[in-house]
Amino acid sequence: MICRWIAFNSSKVSRTLSPFSSLLFTKSSFSVAKLEDESSPTTNFTSDLRDFYQEILFGMKKIGFREFLHGHHFRGLVSELRQVHVEEIMAELMSESSDLSVWFFKELRDIYGFRHSRFSTLLVSHIFAGQRRFKELLVILEQLLQEEGKSSTFFCSGSASLLCELLSSSFRKWESTGLVWDMLLFLSSRLRMVDDSLYILKKMKDRNLNVSTQSYNSVLYNFRETDKMWDVYKEIKDKNEHTYSTVVDGLCRQQKLEDAVLFLRTSEWKDIGPSVVSFNSIMSSYCKLGFVDMAKSFFCTVLKCGLVPSVYSHNILINGLCLVGSIAEALELASDMNKHGVEPDSVTYNILVKGFHLLGMISGAGEVIQDMLDKGLSPDVITYTILLCGQCQLGNIDMGLILLKDMLSRGFELNSIVPYSVMLSGLCKTGRVDEALSLFYDLEAYGLTPDLVAYSIVIHGLCKLGKFDMAVRLFDEMCYKRILPNSRTLGAILLGLCQKGMLLEARSLLDSLISSGDTLDIILYNIVIDGYAKSGCIKEALELFKLYGLVPSVVSYTTLMDAYANCGSIKSIEELLREMKAEGIPPTNVTYSVIFKGLCVGLKLENCNQVLRGRILEKFNHVLRDMESEGITPDQITFNTIIQYLCRVKHLSRAFELFEKMKSQNLDPTSATYNILIDSLCVYGYIRKADRFLYSLQRRNVSLSKFAYTTLIKAHCVKGDPEMAVILFHQLVDRGFDVSIRDYSAVINRLCRRHLANESKYFFCLMLSRGISPDLDICEVMIKSDELLSWTIKWGLLPDQ
DNA sequence: CTAGGGTTAG
């Protein structure tokens with residue numbers, strides 16, 4: 001019968017039918033056949049779509065919704081189903097029973113993954129609200145809001161207005177509508193859709209709808225770090241404990257710690273009295289400022305008030321103790337927790353693990369993890385991330401990769417991008433940006449979506465290593481995904497432009513950011529100032545430094561000073577140093593290394609003038625004294641700079657004294673330190689000493705760079721100890737250094753010049769045996785040597801005539 | 001209210 005009805009009607013209605021209906025017309029399936037058998041013949045042939053749905057509904061009811069919806073023909077049609085059809089059916093089902101429409105709604109959503117319209121969702125929300133099914137209400141409204149958030153555009157977040165309009169027009173008469181409004185307010189606020197929540201709140205007030213304290217508290221929470229906090233606070237009629245503790249926390253976050261303490265004591269609290277949570281906020285703030293003792297005294301106040309310190313209170317204090325390096329006291333407090341009736345949780349252990357890592361005590365961290373396991377708690381993603389971070393900071397990138405793999409095999413990385421970001425950062429910082437990039441693209445396969453931080457890390461790594469084009473590609477990809485760059489991402493791009501020498505582009509990007517009105521981070525200026533300085537445009541660097549009414553930081557000053565240092569303009573450096581000190585900006589050890597560098601370069605320039613030379617040496621000692629009096633301890637690079645300077649003025653014994661001093665201050669000399677010393681020993685002819693020095697370093701298993709070897713090898717070639725050169729060259733090869741044709745040519749060149757033909761031949765053959773073909777450069781050197789000419793011809797190395 | 005990720009200068 002239905003088939004006949006379809007045949008009759010299809011020509012009439014086909015123009016108005018949706019793909020869904022058209023398909024329904026033409027499909028002849030088991031279910032439709034069944035429908036025909038069991039439904040009564042329809043007599044009212046109308047082309048009205050609404051009636052059509054009623055017919056379908058009638059049929060569906062006859063054979064049972066479950067069977068109809070699960071029938072394979074329906075599955076085939078569902079992709080053609082439009083939200084408006086569902087709304088239509090839902091409304092019809094409502095007149096039958098609300099449970100039926102809820103069932104239809106859920107069935108479509110859960111079985112077919114159907115995305116419901118605002119209207120359908122709000123309809124079911126009202127049913128849930130009426131039946132006090134709050135959990136389900138929460139779930140579908142949260143989903144709705146998230147969908148709204150996704151579909152809103154960059155600069156317009158007015159997604160709530162559509163919902164409010166619908167609520168006011170279609171659902172005004174529903175008894176449960178106030179509840180739905182309030183829940184929407186609560187959720188939009190909790191989802192940090194701040195503008196939306198304010199819009200909803202305003203509409204609720206216009207309509208005289210009741211705003212629950214919970215929702216108000218959530219709005220308050222979002223504004224707790226701003227001036228608007230008090231406005232929201234005043235509006236709340238039935239304030240509760242949460243309201244008060246949010247205000248305390250807000251004041252703490254606004255750096256108004258004294259006001260927070262004052263608020264704690266006011267009568268605002270009526271008979272409730274301050275809660276532990278408020279004390280926790282205050283303790284946390286004091287810890288972050290490094291005032292652990294203040295935090296401790298508030299901990300005692302908690303006890304005196306007859307309140308019980310929570311696990312949070314303990315963790316906050318333990319964290320504070322770790323941050324100031326009092327790990328022993330932190331451990332003690334953790335073990336005393338049971339005296340207050342609480343037990344350490346995984347947060348406690350993670351804090352302790354981090355504490356040990358901060359002190360570089362890896363074994364201690366291991367013990368904490370063992371304690372954790374003994375307690376029946378497993379290390380979680382955060383534990384692993386802390387360990388990973390520690391390894392990366394120590395430069396043990398491969399160890400980090402192993403840790404990450406270990407995590408992966410335990411399967412709990414899936415919900416967090418953070419450990420991957422740490423790894424990406426570690427790889428980028430050690431120049432392994434290609435590995436970072438491939439890890440980055442693997443993320444999707446792990447079901448993780450890179451966020452702003454992950455993108456920024458890789459973009460920065462690419463820029464730093466000169467792969468600017470790739471960086472821009474990622475930047476575009478990120479923007480396309482609607483992940484908006486922030487000042488850190490833009491800083492990376494600026495860095496990339498400067499490194500590419502695209503200073504005009506860097507400058508115009510900076511200018512466009514300046515004209516956008518927001519106050520720019522000084523770091524962005526510093527990047528461009530450095531870009532100018534590095535390419536010798538001191539004038540432009542200075543202009544940027546002075547014109548824009550910005551407050552230069554120590555980095556701005558040091559950057560400019562470095563530009564002057566490179567051309568030995570000691571006078572300009574001194575002027576800038578005076579200026580920054582007058583501005584109350586203390587120099588750092590970076591500043592001082594730049595100053596030393598400037599003095600070294602100046603010394604080189606004034607080489608022949610004894611008077612100036614003496615004056616610079618005087619300055620050197622003066623700066624050293626200043627540094628000491630300012631309590632600035634030189635780091636490795638400062639030491640290297642000074643050592644290099646001492647070497648340059650041939651004060652080798654002073655240089656070695658400083659080298660010892662460096663070690664006594666627990667500063668591991670870097671490979672650059674060894675290079676400077678070995679090079680200087682060679683330059684001044686102390687080759688035997690250089691040999692012994694290298695040997696002592698090898699015995700101590702100190703990591704040496706290739707330069708240390710090649711320097712000494714070259715010196716032996718020049719000074720006529722080719723045997724030593726051969727021995728060292730073999731060490732170079734055996735230690736797995738990448739030995740290039742330039743290294744062979746450097747050696748052969750020097751040996752030829754000393755007429756050491758046999759040794760030249762030896763290195764030449766060694767080179768060939770390692771699969772390196774000679775180039776024109778080497779051939780020319782060999783041919784020029786009388787002793788080698790015939791030998792060279794024998795090898796067929798004469799250039800084509 | 002507590003624990004994990006990214007920026008500039010030597």
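Residue numbers begin at 1 in each chain, while the letters A, B, ... track the order of the sequences. Both backbone and side-chain heavy atoms feed into the values below; hydrogens, waters and symmetry mates do not.
Residues meeting the side chain to side chain donor-acceptor pair (under 3.5 Å) test with A:Asp434, sequence neighbours left out: A:Lys467. In this view, A:Tyr592 and A:Glu630 satisfy the side chain to side chain donor-acceptor pair (under 3.5 Å) rule, not counting sequence neighbours. Listed by chain and number, the residues in a side chain to side chain donor-acceptor pair (under 3.5 Å) with A:Asp626 amount to none (sequence neighbours excluded). Every residue two or more places apart in sequence or in another chain was checked for a ring-ring contact (aromatic ring centres under 6.0 Å, His included) with A:Tyr564, and none qualifies. With sequence neighbours excluded, no residue satisfies side chain to side chain donor-acceptor pair (under 3.5 Å) with A:Tyr674. For the ring-ring contact (aromatic ring centres under 6.0 Å, His included) test, residues two or more places apart in sequence or in another chain that qualify with A:His314 are A:Phe299, A:His340.
With contacts defined as side-chain heavy-atom distances shorter than 4.5 Å, the pair A:Ser326/A:Val292 does not qualify.
Contacts with DNA chain B (heavy atom under 4.0 Å) in residues 487-503 of chain A: A:Arg488, A:Thr489, listed by number.
Among the atoms of the strands shown, only primed sugar atoms or phosphate atoms (P, OP1, OP2) are found under 4.0 Å from some heavy atom of A:Ser281. Heavy atoms of A:Ile637 sit under 4.0 angstrom from at least one base atom. Backbone-only contact: A:Val422 has heavy atoms under 4.0 Å from sugar-phosphate atoms and none from a base. Across all strands, A:Ser421 comes closer than 4.0 Å to base atoms (heavy-atom distances). At a threshold of 4.0 angstrom between heavy atoms, the contacts of A:Ile457 are confined to the sugar-phosphate backbone, with no base atom among them. In this structure, A:Tyr221 reaches the sugar-phosphate backbone alone: every heavy-atom distance under 4.0 Å involves primed, P, OP1 or OP2 atoms, never a base. At the heavy-atom level, A:Ser313 lies nowhere under 4.0 Å from the strands shown. No contact: A:Ser310 has no heavy atom under 4.0 Å from any strand. As judged by a 4.0 angstrom heavy-atom cut-off over every strand, A:Asp345 is placed among residues making no nucleic acid contact. Using a 4.0 Å heavy-atom criterion, one finds that A:Val418 contacts the bases of the nucleic acid, with or without backbone contacts as well. As judged by a 4.0 angstrom heavy-atom cut-off over every strand, A:Asn486 is placed among the base-contacting residues.
With ring centers used as reference points, A:Phe639 lies 6.0 Å or more from A:Phe659.
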Let me have the donor-acceptor pairs involving side chains of residues 483-495 of chain A, under 3.5 Å, with sequence neighbours excluded, atom names and distances please.
from	atom 1	to	atom 2	distance (Å)
A:Asn486	OD1	A:Arg488	N	3.1
A:Asn486	OD1	A:Thr489	N	3.2
A:Asn486	OD1	A:Thr489	OG1	3.0
A:Thr489	OG1	A:Ser456	OG	3.1
A:Thr489	OG1	A:Asn486	N	3.1
A:Thr489	OG1	A:Asn486	O	3.4

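In 5' to 3' order, the nucleotides of DNA chain B bounding all contacts with chain A (an atom under 4.0 Å from a heavy atom) are B:dC1 to B:dG10.
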